[in-house]
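Read the structure below first, then the notes.
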Amino acid sequence: MGEVFLKLEGIKKSFGGVQALKGVDLEVRSGEIHCLAGENGCGKSTLIKVISGAHDATEGSIYIEGQKIDKLTPISAIHKGIQVIYQDFAVFPNLTVAENIAMNRALLTNAKRMDWGKARKLAIEAMEQIGAHMDPDIQVERLSIANKQMVAICRAIINDAKLLILDEPTTALTAKEVEKLNTIIRRLKDKGIAIVIVNHKLNEIYEIADRLTIIRNGEYVASGPIEEFDQARFVKCMTGRELDNTTYRPKESDEVIMKVEHLTRKNAFEDVSFELKKGDVFGVTGLLGSGRGELGDALFGIAPAESGKIILHGKEIHIKSIQDAMENRIGYVPEDRLTQGLFLERSIQDNTVAASIKKYFHGLKLDQKEMYDDTVDWIKKIGCVAPGPEPKIRTLSGGNAQKMVIAKWLNTDPAVLILNGPTVGVDIGSKADIHKILHELAEKGVGVIIISDDLSELLQNCNKIMVMKNGKSSGYVDSAELDEKSLATMLSGEKGGEA
């Protein structure tokens, strides 16, 4: 690794009376991949904005290439080689790949007009540097999420980046796309660029990071080479507590909650059958396009199955709409909680009672006190960190918002709860809390189905796993018979046996 490029000492940042950063130290070297880790709300984003000049530190010192910086602005940070790629990538969807890549260079050089030939040449050179293959003339809105990210990286490196900060870069990527991104990051590291990756996924951090810095509640906790952090130390530093990593193994039961027989929807999935018993946390996995998400949509009536049977507690039910599913006490936590699971501009209370509003009507009048009291109870029961029912739900962290999506459905007293990607974008502590809630629900007799491509999550929390490929099920297996490697092999095409 090279010389120290960035050094932060005792960085503090306050917003009014709230102290977001309470004295954070960070040292990043040229030619290293440095992971900045911490739970949601710990201050990672604020620290990035201090480094990029978007926020002024209240206290502390910033050194870039050994020189103390008294005032850092977004433009001066870019001139000093600092580039940040946020989760939304900040690309222009209506412009071409070449235009997006060349835009920042044009702004920094005060160009009066876009030189289209030069822009195209710059884009091709940048893509060659990272091994990306895209048509420079295609509009960015037509690209996949992974390729939009490539555009943002190309844009950063043509501006002579010396430090590249990637904020949660793998949130919406598939496993193969993560591998490709890691290859690109290593290539940039070999060129001597300092890389900071904001992440809290253990497996991804261990795969890519040279060094690690952890912050918690706005405070520096630990830093050092990645080899010095085993999983137990990492989790303790992140959360401040010991987490139970035992795999879920319920008591045997003959009580069948839900039985699905030969369920089919054309061009989505075909002849899917499984059985969900009391105590089961049933995992459904598969690659993108396998039909795993479409199966969840069918069970909740979003896009109903065309044939096959769904039997709930011994009685055949017909799910032709979301209303049918809810009347049969089926709940669904969608993959995208922000656009599908929550009313972001409404209060925590409004979100909690949204799916069960009928029970609060007494005659023509809503019982406001009952709604308030139930929301307070759910905040406590589900372990949500919130000041009360009144704030807008968008003020919650990702993990707490996800807990309240689950609480919304638990408030309906569901017989079956389907969760699609239940812990995507959720930090380690909240993830453990959510898993514990699901285990307790299953043991109480609620049917729990987890749809996910997070193999470690499935193996730790599901006692049965069904793999789907090209819309077909390969049967389901007892997760005790699997490890991550064998499950990955099944995903790529090997057949599993019937449990």
Side-chain angles (χ1 to χ4, degrees), residues 1-9 11 13 21 24-34 36 44-92 95 97-115 118-130 149-167 169 184-185 187-198:
M1 280 172 239
E3 298 295 316
V4 175
F5 175 79
L6 174 73
K7 187 174 184 179
L8 307 181
E9 292 181 345
I11 296 295
K13 178 62 183 175
L21 298 174
V24 175
D25 298 333
L26 178 67
E27 188 176 281
V28 183
R29 297 176 176 272
S30 298
E32 80 165 1
I33 300 170
H34 195 118
L36 178 63
K44 301 188 300 289
S45 295
T46 303
L47 189 64
I48 289 173
K49 287 176 180 176
V50 169
I51 295 169
S52 66
H55 288 332
D56 288 326
T58 309
E59 290 183 38
S61 302
I62 301 174
Y63 298 87
I64 297 176
E65 294 184 300
Q67 180 184 357
K68 187 174 181 180
I69 307 298
D70 295 320
K71 175 70 175 174
L72 196 60
T73 66
I75 291 295
S76 67
I78 291 170
H79 280 299
K80 291 180 185 300
I82 297 171
Q83 292 279 342
V84 182
I85 298 176
Y86 293 101
Q87 291 183 52
D88 63 359
F89 312 137
V91 291
F92 300 97
L95 298 182
V97 167
E99 289 165 346
N100 268 275
I101 292 172
M103 182 63 71
N104 278 19
R105 173 72 65 87
L107 291 172
L108 287 173
T109 57
N110 295 314
K112 303 299 182 189
R113 58 168 58 181
M114 178 69 76
D115 184 327
K118 190 174 180 182
R120 202 172 187 279
K121 186 180 177 185
L122 272 173
I124 291 168
E125 287 174 359
M127 287 190 283
E128 284 175 353
Q129 283 189 56
I130 67 170
Q149 190 174 59
M150 296 302 108
V151 170
I153 292 172
C154 288
R155 185 179 58 199
I157 63 172
I158 67 158
N159 288 317
D160 302 319
K162 296 179 180 178
L163 169 63
L164 183 63
I165 303 173
L166 297 112
D167 186 14
I184 289 167
I185 289 171
R187 189 175 293 179
L188 295 174
K189 167 193 165 178
D190 291 342
K191 292 177 181 291
I193 296 174
I195 313 283
V196 172
I197 299 175
V198 179

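This one's a predicted model, so the numbers in the text were calculated from it and none came from an experiment.
Considering only heavy atoms from C-beta on, V97 stays 4.5 Å or farther from M150 through its side chain. For the pair I64 and I82, the minimum side-chain heavy-atom distance is below 4.5 Å. A heavy-atom distance below 4.5 Å is not found between the side chains of I51 and V84. Here the side chains of Q83 and I78 are in contact, with some heavy-atom distance below 4.5 Å. Between L6 and Y63 the shortest side-chain heavy-atom distance does not fall below 4.5 Å. Taking 4.5 Å as the limit, every side-chain heavy atom of S30 sits out of range of all side-chain heavy atoms of E3. Side chains of I193 and F5 form no contact here, defined as non-hydrogen atoms less than 4.5 Å apart. By the 4.5 Å heavy-atom criterion applied to side chains, M103 and F92 are counted as neighbours.
Atoms CG and CE, on L122 and M127 in that order, are 10.5 Å from each other to the nearest 0.5 Å. For the atom pair L188 CG and L164 CG, the distance stands at 6.5 Å (nearest 0.5 Å).
Between V24 and the choices L8, L47, L36, the side-chain contact (heavy atoms from CB on, under 4.5 Å) rule is met once, by L47.
Here the shortest heavy-atom pairing between E32 and H34 reads OE2-ND1, 3.0 Å. Smallest separation of non-hydrogen atoms from V151 and N100: CG1-CB, 3.7 Å. Considering all non-hydrogen atoms of both residues, G53 and P74 come closest at O-CD, 3.2 Å. Looking at every heavy atom in both residues, A90 comes nearest to R155 through O-NH1, 3.0 Å. Between A102 and I158, the shortest heavy-atom distance links the atoms CA-CD1, 4.1 Å. Across all non-hydrogen atoms, the minimal contact from I101 to C154 is CD1-CB, 3.6 Å.
At distances below 3.5 Å, not a single donor-acceptor pair connects side-chain atoms of E27 with backbone N or O atoms of V4. Counting only distance, with no hydrogens or angles, the side chain of R187 and the backbone of I130 share a donor-acceptor pair below 3.5 Å.
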- Message: Evaluate I69 against K80 for side-chain contact (heavy atoms from CB on, under 4.5 Å), listing each step before the verdict.
- Response: CA-CA 11 Å; I69 307 298; K80 291 180 185 300; 3.7 Å; yes
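S45 pairs by the side chain to side chain contact (heavy atoms under 4.5 Å, CB included) definition with D167, not counting sequence neighbours. Not counting sequence neighbours, the partners of E128 by the side chain to side chain contact (heavy atoms under 4.5 Å, CB included) test are I124. Residues meeting the side chain to side chain donor-acceptor pair (under 3.5 Å) test with D56, sequence neighbours left out: K71. With sequence neighbours excluded, no residue forms a side chain to side chain donor-acceptor pair (under 3.5 Å) with K68. Residues satisfying the side chain to side chain contact (heavy atoms under 4.5 Å, CB included) criterion with A57, sequence neighbours excluded, are I11, V50. Under the rule for a side chain to side chain contact (heavy atoms under 4.5 Å, CB included), the partners of K13 that lie at least two apart in sequence or sit in another chain are F15, L21, T46, H55, T58.
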